[in-house]
Amino acid sequence: MKKLSLLIALTAATPALAASSNPFSGHFWTLSNTNLIVLLGFLVFVGILVWKKVPSMIGGMLDQRAAGIKSELDEARALREEAQSILASYERKQREVQEQADAIVAQARKDAEAAAEKAKEDLKASIARRLAAAEEQIDAAEAAAVREVRDTAISVAVAAASDVIAKNMGATEANALIDASIDEVTAKLH
């Protein structure tokens, strides 16, 4: 029944039937009518296609093509999901690397600030040492100047005293002083 309805539908839509004026007239059913010959050739051709199972082969090929397209779509979906997971992984790694970089920069800033503070403290200590050394040098120079002034004063005083003693003292008094000095030095040495 299915084949017959298919055959009727095919014959009703043929160009031969559309070209004739009345397909049910007596003139149509003669072999001299080219429309009838074309219709019969077409029906034989369709019959051979059905007999050789061409429609089922075409359907099978279309089914295979559909299955192939479906498998390619499934593979494409799987690849897309894999690509999305890889992208998410790389984005996560990028965020982690960015966080590490930010932490490194923050640590470097802290280290730089600590180094600057240490350098300030070292500079203050160095300045304090240099000031202390300068004060020691000033104190030493002052002490040396005081000694030099004292030594000069003593030298001047000794020279003045020797001039005064030489003028006021005679030879006997000088000899007595020398002898007293020798005895005093001898007593201190022994």
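As the structure is a prediction and not an experimental result, all values here were calculated from the model. Along the sequence shown, residues are numbered consecutively beginning with 1.
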Query - Reported CD-to-CD distance for the pair Gln84 and Glu91, which is rounded to 0.5 angstrom - result: 10.5 Å
Query - Lys70 with Asp74: basic N within carboxylate O range, under 4.0 Å - result: no
Query - Distance in Å, Gln94 CD paired with Leu87 CG, rounded so as to fall on 0.5 Å steps - result: 9.5 Å
Query raised in the report: Same hydrophobic cluster for Ile58 and Ile69, using side-chain heavy-atom links shorter than 4.5 Å among ILVMFWY?
Result: no
Requested in this report: Please answer: with hydrophobic residues joined when any side-chain heavy atoms are less than 4.5 Å apart, are Val44 and Leu36 in the same cluster?
Outcome: no
**Report entry** Atom pair CG (Asp111) and NZ (Lys118), whose distance is rounded to the nearest 0.5 Å
**Finding:** 13.5 Å
Report task. Count the heavy atoms belonging to other residues, nucleotides or ligands that lie under 6.0 Å from CD of Gln107, then report whether that count exceeds 12. Result -> yes
Query raised in the report: Stepwise, does the side chain to side chain contact (heavy atoms under 4.5 Å, CB included) test hold for Met61 with Arg65?
Result: CA-CA 6 Å; Met61 289 173 37; Arg65 174 91 172 139; over 6 Å; no
Report summary line: Heavy atoms of Thr186 and Ile182 approach each other most closely as OG1-O, 2.7 Å
Query raised in the report: Which heavy-atom pair separates Met57 from Lys52 by the least distance, and what is that distance?
Result: SD-O, 4.2 Å
**Report entry** Nearest-0.5 Å distance that lies between atom CG in Leu131 and atom CD1 in Ile138
**Finding:** 9.0 Å
Query raised in the report: Could you give the distance from CZ (Arg130) to CG (Leu123), rounded to the nearest 0.5 Å?
Result: 8.5 Å
Query raised in the report: For the atom pair CD (Glu148) and OG (Ser155), what is the distance rounded to the nearest 0.5 Å?
Result: 10.5 Å
Report task. Compare all side-chain heavy atoms of Ser85 with those of Glu81 and state whether any distance is below 4.5 angstrom. Result -> no
